There are 2 protein chains.
Amino acid sequence: MDYDEFLDNFKDILKDNSLKYTKQRELIIETIFNNREHHTPEDIYMLIKESNPNINIGIATVYRTLSFLEESKIVSSISFGADGKKYELMLKEHHDHLVCTECGKIIEFHNETIEKEQELIAKEFNFKMTSHIMQLVGICQECQEKQ
Amino acid sequence: MDYDEFLDNFKDILKDNSLKYTKQRELIIETIFNNREHHTPEDIYMLIKESNPNINIGIATVYRTLSFLEESKIVSSISFGADGKKYELMLKEHHDHLVCTECGKIIEFHNETIEKEQELIAKEFNFKMTSHIMQLVGICQECQEKQ
DNA sequence: ATCGATGCAAAAGTTTTGCATATAC
DNA sequence: GTATATGCAAAACTTTTGCATCGAT
């Protein structure tokens, strides 16, 4: 999906919820779109202030917008260890994460066998699954080499 | 494992780290052993205060002890949504969680197919896996019936 | 007697809220 | 013009830290 298409989609969602399209919301969504890693609210706030020294934005707006974006399934969050919640775009195909405890790096992967098995488990427990979180925690190749 | 065996094990770990066996640590470990759900530090603190109105304990001690217990692999923590970190005993065989977004209930399960698949993924990325987190998020049978 | 543990209170974070003002529609 | 959004500052939480005192070894 390119940015224009993505932005239109975002504007539609705002309209559907009778919310307004503001400069701040645009900057937040643009920052998340252009920085495809996982970011804390603080990260996003700082990135915006750096790139746009002229514009005013408060951390509260970032929190408020991220909550709305998560509810609308535009972003998703994962939390690991002491790092707190990190947000990322949900544009991409569904995937899970490998998290390095040494350097904090997050690697994405997708595995169809596991996905199917998860469906079976949910069914077994009569659980209506809406999403799942899977993180393999360990030490990445690079950090192993350093040790 | 019964409590005496468990407690001996805990005492050994304390000794190995030249740490002391205190009343507070005993109460914390006992509370976690006797309440086999997932608890926040605050939960554990309140449970101890309720059952032992006579004894003095500070929330800082609970935090400090839980950190040590997690490092020592006696407890593990999961975090989901806004509820913050929740701790549970690691006594049991390894398992993963189904989390209900309606009532907060946590159901445990174990699936060997997924476990093996995870090993393969870690190998593929040259990742030295130390643990993993898997939570299937959704609505439990009971809450579905209420709707 | 020694050294680690504790409670308390203060500090450090992080996230949320209230409110007057600004802005999109 | 109206209703929502914003920034700011204060508040509410959660977690950590410093320190004098206490207690286990």
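Residue numbering restarts at 1 for every chain, and letters A, B, ... go by the order of the sequence lines. These numbers come from a predicted model, not from an experiment.
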* Asked: Among side-chain atoms of A:S77 and A:E70, is any donor-acceptor pair under 3.5 angstrom?
  ->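 Note: A:S77 and A:E70 side chains meet the donor-acceptor criterion.
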Below 4.0 Å: OP1/OP2 of [N] and any side-chain N or O of [X]:
X     : N      : result
A:Y63 : C:dT15 : yes
A:Q24 : D:dA5  : no
A:N56 : C:dA22 : no

* Asked: Pick from A:K105, A:K86, A:H97: which one makes a side-chain hydrogen bond (donor to acceptor under 3.5 Å, both in side chains) with A:H38?
  ->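 Of A:K105, A:K86, A:H97, side-chain hydrogen bond (donor to acceptor under 3.5 Å, both in side chains) with A:H38 is met by A:H97 alone.
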* Structure fact -> Per-nucleotide protein contact along nucleotides 19-25 of chain D, 5' to 3', at a 4.0 Å heavy-atom cut-off (B base, S sugar-phosphate only, - neither), is ----BBS
* Distance-only, no hydrogens or angles: does the B:D16 side chain make a donor-acceptor pair with backbone N or O of B:I13 under 3.5 Å? ->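 No, B:D16 side chain to B:I13 backbone: no donor-acceptor pair under 3.5 Å.
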* Under 3.5 Å, side chain of B:Q144 to main-chain N/O of A:N126, donor-acceptor pair present? ->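 Side chain of B:Q144 to backbone of A:N126: a pair is present.
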* Asked: Angle, rounded to 10°, between the helical axes spanning five pairs at each terminus of the helix from C:dA1-D:dT25 to C:dC25-D:dG1?
  ->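 It works out to 40° between the end axes.
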* Asked: How close do A:C100 and A:I139 get, heavy atom to heavy atom, and via which atoms?
  ->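 So the two residues come closest at SG-CA, 4.0 Å.
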* Name the residue closer to the 5' end of DNA chain D, choosing between B:E42 and A:G58 according to the nucleotide with the nearest heavy atom. =>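 So the residue in question is A:G58.
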* With DNA chain C as reference, determine whether A:A60 or B:I57 sits nearer its 5' end, using the nearest nucleotide of each. =>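 Its nucleotide being nearer the 5' end, the pick is B:I57.
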* **Pairing residues for A:K116 by the salt bridge (charged side-chain N to carboxylate O under 4.0 Å, His left out) criterion, not counting sequence neighbours** =>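 So A:K116 forms no salt bridge (charged side-chain N to carboxylate O under 4.0 Å, His left out) with any residue.
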* With a 4.5 Å heavy-atom cut-off, do B:Q24 and B:T65 have their side chains touching? ->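 Side-chain contact under 4.5 Å: no.
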